[in-house]
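Note sheet for the following structure.
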Amino acid sequence: MSKVIVHADKATAAKAVAATIRDLIIAKAKAGQNAVLGLATGSTPLPLYAELVRLHREEALSFRNVVSFNLDEYEGLPGDHPQSYRYFMEQNLFRFIDIRRENTHVPAGISADASRTCADYEAAILAAGGIDLQVLGIGRTGHIGFNEPPSALDSRTRRVHLDEVTRRDNSIFFGELSLVPQGALTMGVGTIMDCRQVELLAFGTGKAEIIRQTLRTAPSADCPASWLKSHARCTFHLDPEANALL
Ligand code: PGA
């Protein structure tokens, strides 16, 4: 079942999740296997990525045996667009570590056939042996990845329409609302539920209400993050501000 840990602050939470990821990578490397990580974007995972970079630089943690799959990408943005999630990963993590670029996966924001792209993404996750550990943030709508409400428990990687709350929240990065894409490609709730381990991070007062809703109401499509409560191995990592209404 899922559990909740309230950390002293977000830096402490980020260090704890980074240590879990380090241990997984090392254990897998010892067994001669790849560690398959699911990665997230947004401001929440930034301290986690900074800590992973520190572990690489100062403690020689290698990412040569890591395969990654990002949750989502804006529809219509090429990977070199400064607001694309491929670019975000490059800027905030990949360029600082020794991960092989061919092992990194982010859904293509531009493709001739989006449904084909989504089916291929699911197939690539399966071919990699499934995701060992998925990092998640949570949106104020209750979205995980870009699974806006309503998102069914069995939803898979697909095209979605972004909620206006999400577009407004993310418009700070684009400069103006009209520049925020209307759509995205995202792993589904079912794709996320298939991950063997899930580490969700939520920081700040802005997340307190949706964390209360997620943890206090019955799992439903109206709050996609609430499905995680029935995941066999999911931890919600909160700072005191995100925990304030519980
Ligand atoms: P944030 O986004 O980390 O920028 O708050 C979280 C999310 O939308 O999943």
Side-chain angles (χ1 to χ4, degrees), residues 2 7 9-11 13-14 17-18 37-52 68-75 77 82-89 91-93 106-107 109 131 133-151 155 157 160-175 177 179-189 191-193 195 198-215 222-228 231 234-245:
S2 64
H7 298 268
D9 51 36
K10 64 179 175 181
V17 176
L37 300 181
L39 299 176
T41 50
S43 44
T44 305
L46 288 174
L48 167 64
Y49 295 153
E51 176 63 8
L52 290 176
S68 73
F69 288 91
N70 264 78
L71 286 163
D72 46 17
E73 180 61 282
Y74 287 112
E75 196 171 27
L77 299 193
Q83 298 312 329
S84 77
Y85 286 162
R86 161 62 71 181
Y87 189 88
F88 175 101
M89 292 311 301
Q91 292 301 307
N92 293 296
L93 184 63
V106 181
I131 293 171
L133 185 153
Q134 176 69 54
V135 175
L136 289 180
I138 181 172
R140 290 193 304 129
T141 59
H143 72 209
I144 46 175
F146 270 138
N147 292 284
E148 304 285 13
S151 283
S155 53
T157 303
V160 291
H161 194 75
L162 295 178
D163 194 284
E164 282 309 301
V165 171
T166 299
R167 291 187 67 244
R168 270 202 306 279
D169 280 352
N170 292 1
S171 65
I172 50 166
F173 303 109
F174 285 83
L177 183 60
L179 298 177
V180 184
Q182 303 277 349
L185 275 62
T186 183
M187 280 186 203
V189 175
T191 323
I192 294 168
M193 292 297 283
C195 301
V198 176
E199 307 292 330
L200 182 146
L201 295 89
F203 305 137
T205 47
K207 299 292 168 69
E209 172 52 26
I210 194 62
I211 284 292
R212 187 199 62 75
Q213 224 175 294
T214 299
L215 296 176
D222 295 337
C223 177
S226 67
W227 293 122
L228 294 169
H231 191 282
C234 170
T235 304
F236 291 82
H237 298 269
L238 311 180
D239 67 357
E241 289 78 13
N243 183 54
L245 299 179

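Since this is a predicted model, take the numbers as computed values, not measurements. Order of appearance sets the numbers: ligands from 1, and atoms from 1 within every ligand.
In terms of protein heavy-atom proximity, atom 7 (C) of ligand 1 is closest to His143 NE2, 3.4 Å. Of the protein's heavy atoms, Ile138 O, 3.5 Å lies nearest to atom 6 (C) of ligand 1.
If you take CG on Leu71 and CD1 on Ile192, they are separated by 5.0 Å, rounding to the nearest 0.5 Å. Note: Arg140 CZ to Ile210 CD1 = 9.5 Å, rounded to the nearest 0.5 Å. Note that CG of Leu77 is 10.0 Å distant from CG of Leu179, once rounded to the nearest 0.5 Å.
At a heavy-atom distance under 4.0 Å, no atom of Thr166 approaches ligand 1.
Compare Arg140, Glu148, Lys207 by their heavy atoms: the one nearest to atom 2 (O) of ligand 1 is in Lys207.
A donor-acceptor pair is defined here as one N or O able to donate and one able to accept, closer than 3.5 Å; such a pair exists between the side chain of Glu148 and the backbone of Asp163.
In terms of polar-atom proximity, defined here as any N/O pair under 3.5 Å, Ser43 does make such a contact with ligand 1.
Here the rule is ring pair (Phe, Tyr, Trp, His ring centres under 6.0 Å) with Tyr74, and of Phe173, Phe88, Phe146 only Phe146 fits it.
Near Gly42, meaning under 4.0 Å from any of its heavy atoms, are these atoms of ligand 1: 3 (O), 4 (O). The ligand atoms of ligand 1 that sit less than 4.0 angstrom from a heavy atom of Thr44 are 1 (P), 3 (O), 5 (O).
Taking 4.5 Å as the limit, every side-chain heavy atom of Thr44 sits out of range of all side-chain heavy atoms of Ile138.
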